[in-house]
Amino acid sequence: MTSASGSIHLEVTPPLQYRLRIADTCLIHAQRLAEWCGHGPVLEEDIALTNMALDLIGQARALLTQAGSLAGQPGGEKLSEDELAFLRDERQFFNLTLVELPLRKASAHAPGGDFADTVLRNFLLAGWLKALWSRLLSSNDEELAAIAGKALKEARYHQRHAADWVMRLGDGTGESASRLRAALERAWPYTAEMFQRDEVDAHAEAAGLGPARDALRAEWQIEVAAVFAEARLDLPADTPFISTGTRGVHSEHMGFILAEMQVLQRSYPGGAW
Amino acid sequence: MTAGAALASRIDAAWAVLAGVPDPEVPAVSLCDLGIVRDVRHAEGGGLHVVLTPTYSGCPATEVIAASVADALLAAGLGPVRVEHRLAPAWTTDWISADGRRKLREYGIAPPSGLAAAGGSGAADGAAVAIRIRPRAVECPRCGSLQTERLSAFGSTACKALHRCLDCLEPFEHFKPI
């Protein structure tokens, strides 16, 4: 259904929201990584960040295509991956809040531009996605399992690369270590949402669609702790704050990133190249 | 010739055509060498049904590959062609043929080890598996030395990394095992 503003509005069911959480996390993370294109601290890293973004966009495309074909849309029509990516409004995006926070460019209420933030976010997310994809291999949705089989290999490579950087910065100079610690303090409160179980998770778990988020925590934490030990980083204490992007309630930064990502399709509907 | 034999020879002819279609980004090898072409069969209502598997989720060459497959078969008079993309089982570098590995090496790209699948699924083994940061030693495709180092984990295409030989000092690309 398309409103006068050109936006689509979904009737969000738990299985649809479950898929969109993964798809949107990949998509928005990729959009943030793409901001580094042409600005990487070294050429190799410029290429690495955009290569990872490309993998993540590929994963998001597969998931959005599947989400768009799910029944239960108003009028029963199928939606394309592009319609889902470019014509949904903020409250119908369900990514983790962590991935929408500014990365390279500073924002009014958030620092930006420190490579340590990028390294750390990549590492925290790749491990989470790896744990998620590995469990989705046994999803009773064959298509989702097939997407996971492909994505798992990519997430594993991303995690290795990011872990390498976490160790290099954490166990590097005093300056690199202090900046990585500062990045960790900024990012850590947003990791609680990665393991926050809710009714959408419970539905997916009961239906055999995929794991609930709380089931990912143990594996993720073991790997994070192992790499942090090498990087001489202490695990921060958890805070009571739990972000809510996966419920569609976003930070102040989300509107801006969507505006940048969607402006072309909003201005020139259906434009292709 | 019986009808069945004629159909079978069409499939054989299609495979022969596809064996000559180069990968758009690594033209030294064909799509068949890379294991991207998974199946060729008769489509219902005539024509051919070709099953391709993408190498990486975000590989920008996926559409070009599908178009070059269709174009080559049409040009050989084997159309109409229907191309299907199949994700499972996920593509692995283990599917690159021995001939494909030889061609990669001759082209100056170090082929992947044939043990990507045996490299383990990591997560399934839980805590016992450490994150392997550094790749195994890769043989220089020019001089054969194992004294090489990785310069960049990501390269000119999604499927390659950049290495350097410490003996002949030449940089070279490595097809990442996945």
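Just so we're on the same page: letters track the sequence lines, and every chain starts at 1.
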Examine whether an atom of [X] lies under 4.5 Å from a heavy atom of chain B, and if so say whether it belongs to the side chain, the backbone or both; otherwise answer neither.
{"X": "A:E154", "result": "side chain"}
{"X": "A:A226", "result": "neither"}
{"X": "A:I147", "result": "both"}

Could you tell me whether [X] atom [atom1] has more than 12 heavy atoms of other residues or ligands within 6.0 Å of it?
{"X": "B:R164", "atom1": "CZ", "value": "no"}
{"X": "A:R61", "atom1": "CZ", "value": "no"}
{"X": "B:E44", "atom1": "CD", "value": "no"}
{"X": "B:R102", "atom1": "CZ", "value": "yes"}
{"X": "A:Q262", "atom1": "CD", "value": "yes"}

B:S57 OG to A:I57 CD1 distance, which is reported to the nearest 0.5 Å: 11.5 Å
Donor-acceptor pair, side chain of A:K150 and main chain of B:P89, under 3.5 angstrom: no
B:F154 and A:M52, any side-chain heavy atoms less than 4.5 Å apart: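 Side chain of A:M52 against side chain of B:F154, heavy atoms only: contact under 4.5 Å found.
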Any A:K153 side-chain heavy atom under 4.5 Å of B:T92 side chain: yes
Partner chain A: residue of B:S156, B:P60, B:A153 with the largest heavy-atom pair count (under 4.5 Å): B:A153
Option that, when pairs with chain A are counted at under 4.5 Å, heavy atom only, ranks first among B:L87, B:T157, B:T53, B:T62: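 Highest number of pairs under 4.5 Å: B:L87.
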Heavy-atom proximity to chain A below 4.5 Å, by part of B:L162: neither
Test log, rule side-chain contact (heavy atoms from CB on, under 4.5 Å), inputs A:R156 and B:I178: CA-CA 10 Å; A:R156 197 182 291 141; B:I178 66 162; over 6 Å; no
Exercise: identify the closest heavy-atom pair between B:A88 and A:A146: CB-CB, 3.5 Å
